[in-house]
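All residue numbers in this chain count up from 1 along the given sequence. FYI, side chains are in, hydrogens and waters are out, and symmetry mates aren't considered; it's all heavy atoms of this structure.
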Amino acid sequence: MAGAASALFLLDIKGRVLVWRDYRGDVSATQAERFFTKLIEKEGDPQSQDPVVYDNGVTYMFIQHSNVYLMTATRQNCNAASLLFFLHRVVDVFKHYFEELEEESLRDNFVVVYELLDEIMDFGYPQYTEAKILSEFIKTDAYRMEVTQRPLMAVTNAVSWRSEGINYKKNEVFLDVVESVNILVNSNGQIIKSDVVGALKMRTYLSGMPECKLGLNDRVLLEAQGRATKGKAIDLEDIKFHQCVRLARYENDRTISFIPPDGSFDLMTYRLSTQVKPLIWVEAQVEKHSRSRVEIMVKARSQFKERSTATNVEIAVPVPADASSPNVRTSMGSATYAPENDALMWKIRSFPGGKMKRQLQREKLLYV
């Protein structure tokens with residue numbers, strides 16, 4: 001990472017310093033006040049919502065979690081994305097120790113917070129941000145910390161995300177592929193844009209230091225091997241791996257080789273830019289009866305195979321902000337008015353596949 005952070009600040013919601021750690025000696029505690037002044041100025045400008053503030057030679061990068069601001073200050077030309085990612089990892093570490101990262105949890109654990117700040121960053125450069133590894137040599141018990149005399153191998157070797165000596169009577173690996181479909185449809189019912197965002201979520205309970213390998217039906221690999229790719233291959237985009245993956249091996253033969261962390265983690269995330277047919281197609285018919293009354297019929301049609309069933313389906317029907325007491329009838333499921341969202345929420349617990357239609361009809365909708 002080019003450049004280094006000068007200091008890390010933890011501020012309350014009013015900009016007062018809760019904890020701060022100086023790493024390079026070229027900034028002072030007054031930087032927090034200057035940062036918060038600039039932040040208040042930015043709040044009045046809706047066009048400027050970026051998490052980076054520059055003032056008088058100092059660059060501030062920040063995130064907000066609950067009622068706490070986490071902010072780094074630097075006088076060097078740093079990689080902003082790396083430092084912002086580091087701040088999110090700091091949040092994960094604190095949540096691992098304190099359950100929730102809030103102003104109260106920081107005030108109750110000042111000693112542990114300072115010890116963690118010493119470990120996760122050295123001279124402005126991020127170091128260890130794996131909460132499970134940190135918790136093995138920085139332990140808390142009723143706001144007290146115990147530090148082992150001998151540093152763990154995970155701190156000194158190349159596998160910082162996994163400890164040695166892990167042993168299970170039964171070795172198990174669970175892999176789930178979770179995908180979300182994003183579709184943009186125009187008023188004529190034509191699909192303008194669609195993509196799939198996915199993640200490979202793993203839970204591993206393996207002994208020792210196992211090396212796992214995973215292969216995908218990646219079009220690049222299949223074409224390189226001279227194998228047919230028609231209908232069997234996918235083009236993965238925006239791939240992001242967990243740090244345990246050997247990137248050189250993946251670039252060489254597209255094999256995902258890794259020594260997994262213990263427990264749950266996201267092995268990789270990806271995006272597919274492909275034409276996707278909506279699993280559930282929704283149509284709306286609007287009929288205005290007067291200036292204060294409108295009737296809307298919403299039809300939902302499943303477009304997946306009959307042997308499959310969608311569960312806990314929710315369809316949000318937007319309504320004007322001044323809508324009052326809508327009368328709702330449904331042929332399946334239940335519908336409730338959510339005024340805080342300016343929408344009707346149609347919930348269907350079980351939506352079977354095939355060509356069955358479900359209708360939601362609203363009558364006598366009055367506007368104030």
Side-chain angles (χ1 to χ4, degrees), residues 1 82 85-86 88-97 116 119-120 122 125-140 146-180 196-222 224-225 227 232-272:
M1 182 181 70
S82 296
F85 179 73
F86 168 75
H88 284 285
R89 295 304 299 267
V90 173
V91 171
D92 294 338
V93 170
F94 286 150
K95 290 176 67 176
H96 176 81
Y97 273 84
L116 288 171
E119 296 293 339
I120 62 180
D122 184 19
Y125 294 96
Q127 299 296 310
Y128 314 118
T129 57
E130 285 293 331
K132 290 184 179 180
I133 300 302
L134 289 168
S135 63
E136 292 190 19
F137 64 95
I138 299 180
K139 300 180 180 180
T140 58
E146 297 178 2
V147 181
T148 58
Q149 297 299 320
R150 182 179 64 87
L152 298 173
M153 287 298 294
V155 177
T156 57
N157 66 8
V159 187
S160 63
W161 54 88
R162 185 180 181 89
S163 300
E164 290 189 344
I166 298 176
N167 185 49
Y168 289 98
K169 292 182 178 180
K170 183 180 180 181
N171 292 321
E172 295 178 308
V173 176
F174 302 91
L175 175 64
D176 293 319
V177 180
V178 180
E179 294 184 332
S180 301
V196 178
V197 178
L200 269 62
K201 297 182 176 292
M202 293 193 70
R203 283 183 296 143
T204 59
Y205 306 101
L206 301 173
S207 303
M209 286 285 185
E211 181 162 347
C212 303
K213 296 180 181 178
L214 179 66
L216 302 174
N217 56 334
D218 188 358
R219 185 183 301 274
V220 174
L221 173 61
L222 297 180
Q225 295 176 344
R227 297 162 61 183
K232 296 182 180 180
I234 55 177
D235 290 317
L236 298 177
E237 302 177 15
D238 297 340
I239 300 176
K240 178 183 176 183
F241 289 111
H242 188 274
Q243 61 177 323
C244 66
V245 176
R246 304 181 191 277
L247 297 180
R249 177 72 181 275
Y250 179 77
E251 292 294 336
N252 184 39
D253 59 9
R254 312 296 283 189
T255 298
I256 302 175
S257 176
F258 58 99
I259 298 177
D262 186 49
S264 303
F265 67 101
D266 287 354
L267 178 64
M268 66 174 288
T269 58
Y270 59 89
R271 181 174 62 87
L272 298 175

Does [X] reach the side chain of [Y], with side-chain heavy atoms less than 4.5 Å apart?
{"X": "V173", "Y": "L206", "value": "yes"}
{"X": "V245", "Y": "L267", "value": "yes"}
{"X": "K240", "Y": "M268", "value": "no"}
{"X": "Y128", "Y": "I133", "value": "no"}
{"X": "H242", "Y": "M202", "value": "no"}
{"X": "K132", "Y": "F265", "value": "no"}
{"X": "F241", "Y": "I256", "value": "yes"}

To the nearest 0.5 Å, what is the distance between [atom1] ([X]) and [atom2] ([Y])?
{"X": "T204", "Y": "L175", "atom1": "OG1", "atom2": "CG", "value": "11.0 Å"}
{"X": "L116", "Y": "L134", "atom1": "CG", "atom2": "CG", "value": "6.5 Å"}
{"X": "Q243", "Y": "L247", "atom1": "CD", "atom2": "CG", "value": "10.5 Å"}
{"X": "R249", "Y": "T255", "atom1": "CZ", "atom2": "OG1", "value": "5.0 Å"}

message: I'd like to know if D176 pairs up with K201 as an ion pair, taking the criterion as any Lys NZ or Arg NE/NH1/NH2 lying under 4.0 Å from an Asp or Glu carboxylate oxygen.
response: no
field: Electrostatic pair K170:E172 at N-O distance under 4.0 angstrom
entry: yes
Closest heavy-atom pair and its distance - [X], [Y]:
{"X": "C244", "Y": "P260", "answer": "SG-CA, 4.5 Å"}
{"X": "Y270", "Y": "V177", "answer": "OH-CG1, 3.5 Å"}
{"X": "S264", "Y": "R203", "answer": "OG-CG, 3.0 Å"}
{"X": "A131", "Y": "V93", "answer": "CB-CA, 4.1 Å"}

Main chain of [Y], side chain of [X]: is a donor-acceptor contact present, judged purely on distance under 3.5 Å?
{"X": "N171", "Y": "S207", "answer": "yes"}
{"X": "S257", "Y": "L214", "answer": "no"}
{"X": "R271", "Y": "I239", "answer": "no"}

Steps toward side chain to side chain contact (heavy atoms under 4.5 Å, CB included) verdict (E164, M209): CA-CA 7 Å; E164 290 189 344; M209 286 285 185; 3.4 Å; yes
Results of ring pair (Phe, Tyr, Trp, His ring centres under 6.0 Å) for F94 - residues two or more places apart only: F98
Which residues share a ring pair (Phe, Tyr, Trp, His ring centres under 6.0 Å) with F85, sequence neighbours left out: none
- line: Test side chain to side chain donor-acceptor pair (under 3.5 Å), reference E130, set R162, R89, H96, output is R89
task: Going by the side chain to side chain donor-acceptor pair (under 3.5 Å) test, name the single residue among Y205, W161, Y168 that passes it with D262.
output: Y168
